[in-house]
Each structure stands twice: as structure tokens, then as C-alpha cells.
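The structure appears below as C-alpha cells.
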Amino acid sequence: MENRKRDRIIEAGMALLLVIMLLAAGQSGKIPVVKSQEIQVQADSGKENKSKEKENTENTDSETTGTEENSGDTGKNENGSDIESVAVAASAAQYPIMGKSDVTVQEMVDYFNRSGRTYPAAALAAGGADSIETFCQIYYEEATAEGVRPEVAYVQAMKETGFLQYGGDASIEQYNFAGIGTTGNGVPGNSYADVRTGILAQVQHLKAYATTEPLNEACVDERYEYVKKAAAPYVQWLGQQENPQGTGWATGENYGYDIVEMIKKMREGSET
């Protein structure tokens, strides 16, 4: 009796060992898998991948929606990243206001000279910019200091002032190069102590529209607090008619698009 019991235990142990060996061989690939099993595994895998893809898509949509909903308030998505980085990645066709630029001061100078206008040295020398070279250098310095692309601020000034010829409600002596505070009907808008301060005010106003990031320099833009932050991260959205939120720098049709077209001409070296 005891011998028979012992034999059964040995047989059971051998059977268990055989099962373990077969499983190990199967995992190592030494035992071929039946074709029907392969089909089932592939089908299950496909279902799992589709399920994961659907889950990832739903998560992406949720994050995108959250970013859009928060853009008008905090400019942050739920991970805390700035709306500007999300926006730039979302559409390469748009021209970001913030960021590094490869445009040079000389390109800015050449762009003005190709316009055929005369630089108003007499009027602007009193404010610290006796030449177009100095004027462009100041734009480059102040824009770069705040993280704004220099060409955006500079070309906007050329559009707003008619290449520094003015003729609107503001006058050149105000050193207001982008019509800040000019609401029409003869309202002249803001005035600044010198050229550099006027340029910095414009740059800070652009930054207010583009991002929620704080200013790097002391605020000289009296209207900075009134801007809905990060409402226009792209130049194209500076025009209220083209801005998804209906806000922006100016009411004129294609305002931002006109600036982008001017920037393109400056980069190409074509006529203004």
C-alpha cells in the first residue's frame, strides 16, 4: 500500500515537471503555436491596440478641450504648460508673437529703406533715435528682452504709422508707434517720454495679448492690465475679426494677416 502511494506521488511529480517543461519550451518559442491560436492572439492584440488608440485619442481631445477652455482665463492647460507652446504646436501655419527670431537688425533697416520713405530723424532724434539703424536696434533689444519676436513689433509699427509718416490721430512726438489708446474720433492715445519707452510699451502690449508670462522689465504700458492675457498668441489673431474670441489689437479686417504679409516681404527682401 505504501509503495503504491509512493509511486502515485512520483507519477504526479513527473507529470507536473513535464507540464512545467512544456510551458517553458512554449514561452521560449521551441514549440510551434497552432495556426488557429495565432489568429486568436492577433485578433485579441488588435482589439487591445484599438482600445488603447481610442483611449489615447479621448485623452488628447480632453486635454485639447481643457486648454481651449482655460486659454481665456489662465493660459494654462491642466499640466501647467503655457498656452503659447500648445498653440504653436497646434498650427504651424500661424505666426507666433513670442519666440526667438532669425530676423536681423539689418533686415529691418533694409525693409524701411526699400519703402522709399524718409526717416524722420529730426523728430525722433529728440527721443533718442537719430537714425533708422538706431531705431531698429532699439526695437530688436526691447522685443528680445521680453521674448517677443522683433519683426512682429517692428512691422506692426510700420503698418500703424505708415513707415513713420503718421497722419492719423497720434503724432510722431508722442513716441507711440502702434496706436496704443487711439480709439478714433481724434483721440490721440498714449504718449511716452522717449522712443525706447514707446517701443517697450508696444512690446509689452503685444506680450499681454500673446501669453500669460509675466513681464521681464518694469511695466510702462499703462493699458497692460486691460488686455485679456493669451487671447492672441498668433499675429493673425491680433485682428478682432479674425480672433476666435472676438478680441484683439485692432478692429480692421485682416489686421494681423496684413502684418504677416509685410513680415514675409521683409524676409524675402521684396518691395513693401
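Both backbone and side-chain heavy atoms feed into the values below; hydrogens, waters and symmetry mates do not. Predicted model, so just to flag it, every value in this text is computed and none were measured.
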Subject >> Note, Q245 side chain near W237 side chain (heavy atom, < 4.5 Å) >> reply: no

Original post:
Once you round to the nearest 0.5 Å, how far does NZ of K229 lie from OH of Y209?
Top reply: 9.5 Å

Original post:
Can you find a heavy atom in the side chain of F177 that is under 4.5 Å from one in the side chain of V195?
Top reply: yes

**OP:** Rounded to the nearest 0.5 Å, what's the gap from CZ on R267 to CG on D102? Could you check?
**Re:** 4.5 Å

Original post:
What class does the angle between the rings of F163 and F112 fall in, given that below 30° is parallel, 30 to 60° is tilted and above 60° is perpendicular?
Top reply: tilted

**OP:** Measure the shortest side-chain to side-chain distance between L215 and K207 over non-hydrogen atoms and say whether it is less than 4.5 angstrom.
**Re:** yes

**OP:** Can you measure from CG (N190) to CZ (R223) and round to the nearest 0.5 angstrom?
**Re:** 6.5 Å

**OP:** Identify the residue among I199, D221, V148 that makes a side-chain contact (heavy atoms from CB on, under 4.5 Å) with Q204.
**Re:** D221

Original post:
So if you build clusters from Ile, Leu, Val, Met, Phe, Trp, Tyr with side-chain heavy-atom gaps below 4.5 Å, do V220 and V227 land together?
Top reply: no

Subject >> Sequence-distant partners of N185, side chain to side chain donor-acceptor pair (under 3.5 Å), two or more places apart >> reply: none

Original post:
Could you go step by step and tell me if M98 and E213 meet the side-chain contact (heavy atoms from CB on, under 4.5 Å) rule?
Top reply: CA-CA 10 Å; M98 304 296 293; E213 292 179 6; 4.2 Å; yes

**OP:** Determine the minimum heavy-atom distance between E217 and E146, stating which atoms define it.
**Re:** N-OE2, 3.0 Å

**OP:** Let me know which of E253, K159, Q236 forms a side-chain contact (heavy atoms from CB on, under 4.5 Å) with D258.
**Re:** K159

**OP:** May I ask you to decide if E268's main-chain N or O and E107's side chain share a donor-acceptor pair within less than 3.5 Å?
**Re:** no

Original post:
Roughly how far, to the nearest 0.5 Å, is the OG1 atom of T144 from the CG atom of N216?
Top reply: 11.0 Å

Subject >> Closest contact, heavy atoms only, I138 versus A129 >> reply: CD1-CB, 4.3 Å

**OP:** State, yes or no, whether a side-chain contact exists between E242 and N254 at a heavy-atom distance under 4.5 Å.
**Re:** yes

Original post:
For the residue pair G252 and Q241, what are the closest heavy atoms and their distance?
Top reply: C-NE2, 3.7 Å

Subject >> A126 to Y175 - nearest heavy-atom pair and separation >> reply: C-OH, 3.6 Å

Original post:
Side-chain contact, heavy-atom cut-off 4.5 Å: Y154 with F135?
Top reply: yes

**OP:** Report yes or no: do V260 and Y139 belong to one cluster of Ile/Leu/Val/Met/Phe/Trp/Tyr joined by side chain heavy-atom distances under 4.5 Å?
**Re:** yes

Original post:
How long is the span from the OG1 atom in T104 to the CG atom in D110, to the nearest 0.5 Å?
Top reply: 7.5 Å

**OP:** Would you please say whether a donor-acceptor pair under 3.5 Å links the side chains of Q156 and Y255?
**Re:** yes

Subject >> Nearest atoms (heavy-atom pairs only) where P150 meets A143 >> reply: CA-CB, 3.6 Å

Original post:
How far apart are the closest heavy atoms of A231 and N243, and which atoms are they?
Top reply: O-ND2, 3.0 Å

Original post:
Could you state the interatomic distance from CE (M262) to OH (Y111), rounded to the nearest 0.5 Å?
Top reply: 3.5 Å

Original post:
Is I180 linked to I97 within one hydrophobic cluster, defined over Ile, Leu, Val, Met, Phe, Trp and Tyr using a side-chain heavy-atom separation of less than 4.5 Å?
Top reply: yes

Original post:
Is there a donor in the side chain of Q174 and an acceptor in the side chain of Y166, or the other way round, less than 3.5 Å apart?
Top reply: no

**OP:** Report yes or no: does R117 contribute a side-chain atom to a donor-acceptor pair with the main-chain N or O of L164 at less than 3.5 Å?
**Re:** no

**OP:** Let me see the working for L124 and T134 under side-chain contact (heavy atoms from CB on, under 4.5 Å), right down to the final yes or no.
**Re:** CA-CA 10 Å; L124 296 182; T134 301; over 6 Å; no

Subject >> Side-chain heavy atoms of M266 within contact of M158, under 4.5 Å >> reply: no

Subject >> H205: which of Y192, Y224, W249, Y226 passes ring-ring contact (aromatic ring centres under 6.0 Å, His included) >> reply: W249

**OP:** Would you check if there is a donor-acceptor pair between the side chains of E141 and Q137 at a distance under 3.5 Å?
**Re:** yes

